[in-house]
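Structure first, commentary second.
Just the heavy atoms: all of them, side chains too, but no hydrogens, waters or symmetry mates, feed the values below.
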Amino acid sequence: MSNDQYVLTLCPAAGGDLDLTSLRCRAIADAHVRFRRAVGDEVALVHAGGGDDDPSGGLAIGGGAARRVDPAVERWAQWLLERLDGAGLIYHREGKGWRLRSGKLHEESERRLEELSGWSDAALAGQRKLLEHVDDPGDSGSELEQSLSKLAAAGWSVDSKRDKGPPTVHFAAGDMPLAEGDDWRAAGGVHPRLAAALSALVGALSSDEREAAPSDAVSGLGRRLPATTVAAPGSDSDVALLDLRTVAKALRDVGGLDLPGGEPLGPVLAAGAFQLLPVRRLPEQGAPASNPEPTGPSLNGTAPAAATAALNSAEGDASVTPTGGQPPADSNDVATLIAVHGADAVRFALLHAAAPAKRFRGGEDVVGYAARFLTELRELAASRWGDAPPAARIETDDGLRRRLAGWCDTALARTTENHARLDMHRATRNAVELLARIKDFEARVTEQRGEVAGADREAVAVALALLVQLLAPLAPATADELWRQSRRDGSAGDAPWPVLQRATAAA
């Protein structure tokens with residue numbers, strides 16, 4: 001696929017596995033990409049995130065993109081370093097390797113903060129915190145001044161005010177490290193932060209472009225920017241975002257990268273942390289004391305690689321369905337959550353629990369709630385699919401069916417807007433509400449006509465078919481399962497985004 005744009009996730013992992021917060025980031029980005037493809041956009045998804053056991057900051061990037069030990073990243077790094085060196089923009093610090101003279105780039109990045117469009121408040125706050133403490137490193141001055149200067153050059157800042165207690169040391173945006181050792185040309189010397197930033201950028205290129213010389217491929221990279229980005233909360237993602245902005249501007253200045261808007265990143269969402277808590281039960285009844293709907297707004301637990309793949313795979317296993325049973329002992333163990341509730345239920349719950357930018361710290365039954373919704377949809381659809389695929393539209397020669405068609409159009413219009421704005425929690429709620437509307441329609445028809453049959457039954461099938469398409473970015477395995485059961489060709493994920501019922505009728 002020739003990708004005109006790309007969506008990037010920055011999700012640091014622990015020990016190479018993803019916790020619920022990182023999985024939430026990936027689910028948001030993946031759902032957005034599925035929607036964008038359904039409406040006809042050509043867009044790639046790049047997953048980027050290093051673990052604690054991966055100090056190189058190497059990225060496990062899906063979709064055929066750059067991997068941790070990638071010769072393409074090494075080539076791009078050497079190509080960029082050669083040009084930066086020729087322009088006098090890098091320098092060597094004894095024992096600290098090679099650094100970029102980042103001052104002017106950081107000044108530009110700070111100046112542009114108010115111009116950034118679509119950045120969440122948390123993402124902007126992280127950039128401000130890094131950029132408001134930029135210091136010019138140097139070796140002059142007293143021993144204390146030199147020490148503070150070296151701390152700043154390493155990316156740290158010390159603030160101390162008289163009579164205000166001990167100094168506070170915090171991370172800041174010093175000159176960016178580029179290469180280790182005395183010779184930046186040495187193999188394997190690329191600094192992890194430069195490698196990570198370049199990996200995220202190179203990951204947007206096609207395999208042919210990655211094999212080409214950087215000078216030939218840089219124009220292709222420019223066509224894919226700016227990227228939509230979903231980042232996990234925390235300072236690691238803040239630094240990664242700033243590094244991406246810094247490296248892209250360096251590529252612009254000496255490598256010919258075209259950044260018409262001045263920035264490599266478009267909308268950036270800093271997703272909130274996600275933590276599940278055990279549901280407290282009433283001793284005398286054994287019933288959940290918490291509302292099955294998610295409430296409230298951090299996070300623990302890791303997921304094995306297999307569980308991660310099940311949750312994020314475009315070919316997710318629809319056979320992993322809810323089994324009921326007791327809640328998992330560790331509420332944040334992803335493998336157990338998937339075994340108990342199903343991969344799609346975990347994914348749907350991560351999207352449904354709260355607005356993407358907000359922290360969620362609530363009852364584990366949010367996953368059970370998602371599983372119950374998907375099960376209810378499966379059961380209703382199984383009883384309503386006919387021997388032929390559903391019709392394209394609802395026959396609106398009746399008041400009740402016109403109302404159902406209107407409900408379908410409202411759900412479609414709202415969900416389309418939700419996906420465009422990365423409001424995945426609202427998209428899931430619209431899916432839940434549409435199912436409730438379909439059931440309400442059936443109840444009204446039964447009350448007035450005694451049974452759901454003929455054009456009414458076909459109207460329900462049409463509405464369910466629409467719901468399956470709206471569900472495709474949110475619970476892809478379930479959507480594909482239901483798509484096949486409705487006797488339609490292909491898959492829900494490959495189908496174009498639906499059109500309004502009334503627009504179809506008018507046409």
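Residues satisfying the side chain to side chain contact (heavy atoms under 4.5 Å, CB included) criterion with Thr446, sequence neighbours excluded, are Val452. Legend: residues meeting ring pair (Phe, Tyr, Trp, His ring centres under 6.0 Å) with His419, ordered by chain and number and at least two apart, are Phe35, Trp497. Contacts of Ser491 classified as side-chain hydrogen bond (donor to acceptor under 3.5 Å, both in side chains), with partners at least two apart in sequence or in another chain: Asp494. For Asp238, the salt bridge (charged side-chain N to carboxylate O under 4.0 Å, His left out) criterion is met by no residue, not counting sequence neighbours. In this view, Pro390 and Trp385, Glu458, Ala461, Ala465, Ser486, Arg488 satisfy the side chain to side chain contact (heavy atoms under 4.5 Å, CB included) rule, not counting sequence neighbours. Legend: residues meeting salt bridge (charged side-chain N to carboxylate O under 4.0 Å, His left out) with Arg437, ordered by chain and number and at least two apart, are Glu433. Taking the salt bridge (charged side-chain N to carboxylate O under 4.0 Å, His left out) definition, one finds that Glu108 meets it with Arg112, Arg252, sequence neighbours left out. Scored by the salt bridge (charged side-chain N to carboxylate O under 4.0 Å, His left out) test, Glu376 finds Lys439 as partners (sequence neighbours excluded). For Arg449, the side chain to side chain contact (heavy atoms under 4.5 Å, CB included) test picks out Asp398, Leu400, Arg401, Val445, Asp456, with sequence neighbours left out. Residues that satisfy the side-chain hydrogen bond (donor to acceptor under 3.5 Å, both in side chains) test with Thr415, not counting sequence neighbours, are absent from this structure. Under the side chain to side chain contact (heavy atoms under 4.5 Å, CB included) criterion, Ala123 pairs with Trp119, Ser120, Val268, Ala270, not counting sequence neighbours.
Contacts classified as side-chain hydrogen bond (donor to acceptor under 3.5 Å, both in side chains) and involving residues 465-474 (residues at least two apart or in different chains) are not found.
Checked by atom type and distance alone, the side chain of Arg26 never pairs as donor or acceptor with a backbone atom of Ser22 at under 3.5 Å. Between the side chain of Asp344 and the main chain of Ala477, a donor-acceptor pair closer than 3.5 Å is present. Not a single donor-acceptor pair under 3.5 Å links the side chain of Arg210 to the backbone N or O of Ala72. A distance-only check finds a donor-acceptor pair linking the side chain of Arg347 to the backbone of Leu474 [under 3.5 Å]. Looking at Asp440, its side chain never comes within 3.5 Å of a backbone N or O of Ala436 through a donor-acceptor pair. Between the side chain of Arg37 and the backbone N or O of Val43 there is at least one donor-acceptor pair closer than 3.5 Å. When atom types are taken as modelled, the side chain of Asp423 and the backbone of Arg426 share no donor-acceptor pair closer than 3.5 angstrom. Ser237 places no side-chain N or O within 3.5 Å of a backbone atom of Pro233 that could act as its donor or acceptor partner. Between the side chain of Arg429 and the backbone N or O of His425 there is at least one donor-acceptor pair closer than 3.5 Å. Under the 3.5 Å distance criterion, the side-chain polar atoms of Arg359 are left unmatched by any main-chain donor or acceptor of Ala273.
Pairing each heavy atom of Val247 with each of Ala197, the nearest pair is CG2-CB, 3.7 Å. Considering every non-hydrogen atom in both Cys25 and Val230, the closest pair reads O-CG1, 3.7 Å. Considering all non-hydrogen atoms of both residues, Leu435 and Leu467 come closest at CB-CD2, 3.9 Å. Shortest non-hydrogen contact noted between Ile394 and Ala459 is CG2-CB, 3.7 Å. Pro498 approaches Leu470 most closely through the heavy-atom pair CG-CD2, 4.4 Å. In terms of heavy atoms, Asp489 sits closest to Trp483 at O-NE1, 2.7 Å.
Side-chain contact between Met424 and His32 is present, with at least one heavy-atom pair separated by less than 4.5 Å. Within the 4.5 Å cutoff, the side chain of Leu276 has heavy atoms near those of the Leu337 side chain. In this structure the side chain of Val33 never reaches within 4.5 angstrom of the side chain of Tyr6, judged on heavy atoms. Between Glu395 and Val462 there is no side-chain heavy-atom pair separated by less than 4.5 Å. At a threshold of 4.5 Å between non-hydrogen side-chain atoms, the residues Asp258 and Ser219 do not count as touching. When side chains are defined from C-beta on, Leu244 counts as touching Leu10, because their heavy atoms get closer than 4.5 Å. For the pair Leu464/Val460, a side-chain contact is recorded, criterion being any heavy-atom separation below 4.5 Å from C-beta on.
Atom OG1 of Thr416 sits about 7.5 Å away from atom CG of Leu500, to the nearest 0.5 Å. Taken from CD in Glu417 to CZ in Arg421, the straight-line distance is 4.0 Å, to the nearest 0.5 Å. Rounded to the nearest 0.5 Å, atoms CG (Leu201) and CZ (Arg224) are 12.0 Å apart. Here the straight-line distance linking atom CG of Leu377 with atom CD1 of Ile438 works out to 8.0 Å at 0.5 Å rounding. The CG atom of Leu241 sits 10.5 Å away from atom OG1 of Thr246, with the distance rounded to the nearest 0.5 Å. Summarising the geometry, atom CG belonging to Leu205 is positioned 11.0 Å from atom CD belonging to Glu211; distances are rounded to the nearest 0.5 Å.
A salt bridge does not link Arg128 with Glu110: none of the charged nitrogens is closer than 4.0 Å to a carboxylate oxygen.
Within a 6.0 Å radius of CD in Glu447, no more than 12 heavy atoms belonging to other residues, nucleotides or ligands are found. The environment of CG in Asp121 is sparse: at most 12 heavy-atom neighbours from other residues, nucleotides or ligands sit within 6.0 Å.
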(message) Between Leu116 and Leu265, does the side-chain contact (heavy atoms from CB on, under 4.5 Å) criterion hold? Intermediate values first, please.
(response) CA-CA 9 Å; Leu116 297 179; Leu265 303 178; over 6 Å; no
(message) If you apply the rule side-chain contact (heavy atoms from CB on, under 4.5 Å), what do you find for Arg36 with Leu45, and how did you get there?
(response) CA-CA 11 Å; Arg36 293 271 299 276; Leu45 175 60; over 6 Å; no
(request) Test Leu466 against Leu434 for side-chain contact (heavy atoms from CB on, under 4.5 Å), laying out the working first. (result) CA-CA 9 Å; Leu466 170 68; Leu434 181 55; 4.3 Å; yes
(request) Apply side-chain contact (heavy atoms from CB on, under 4.5 Å) to the pair Thr228 and Gln5, showing each step before the final yes or no. (result) CA-CA 8 Å; Thr228 298; Gln5 302 173 57; 5.9 Å; no
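Ring centers of His352 and Phe373: at least 6.0 Å apart, outside the cut-off.
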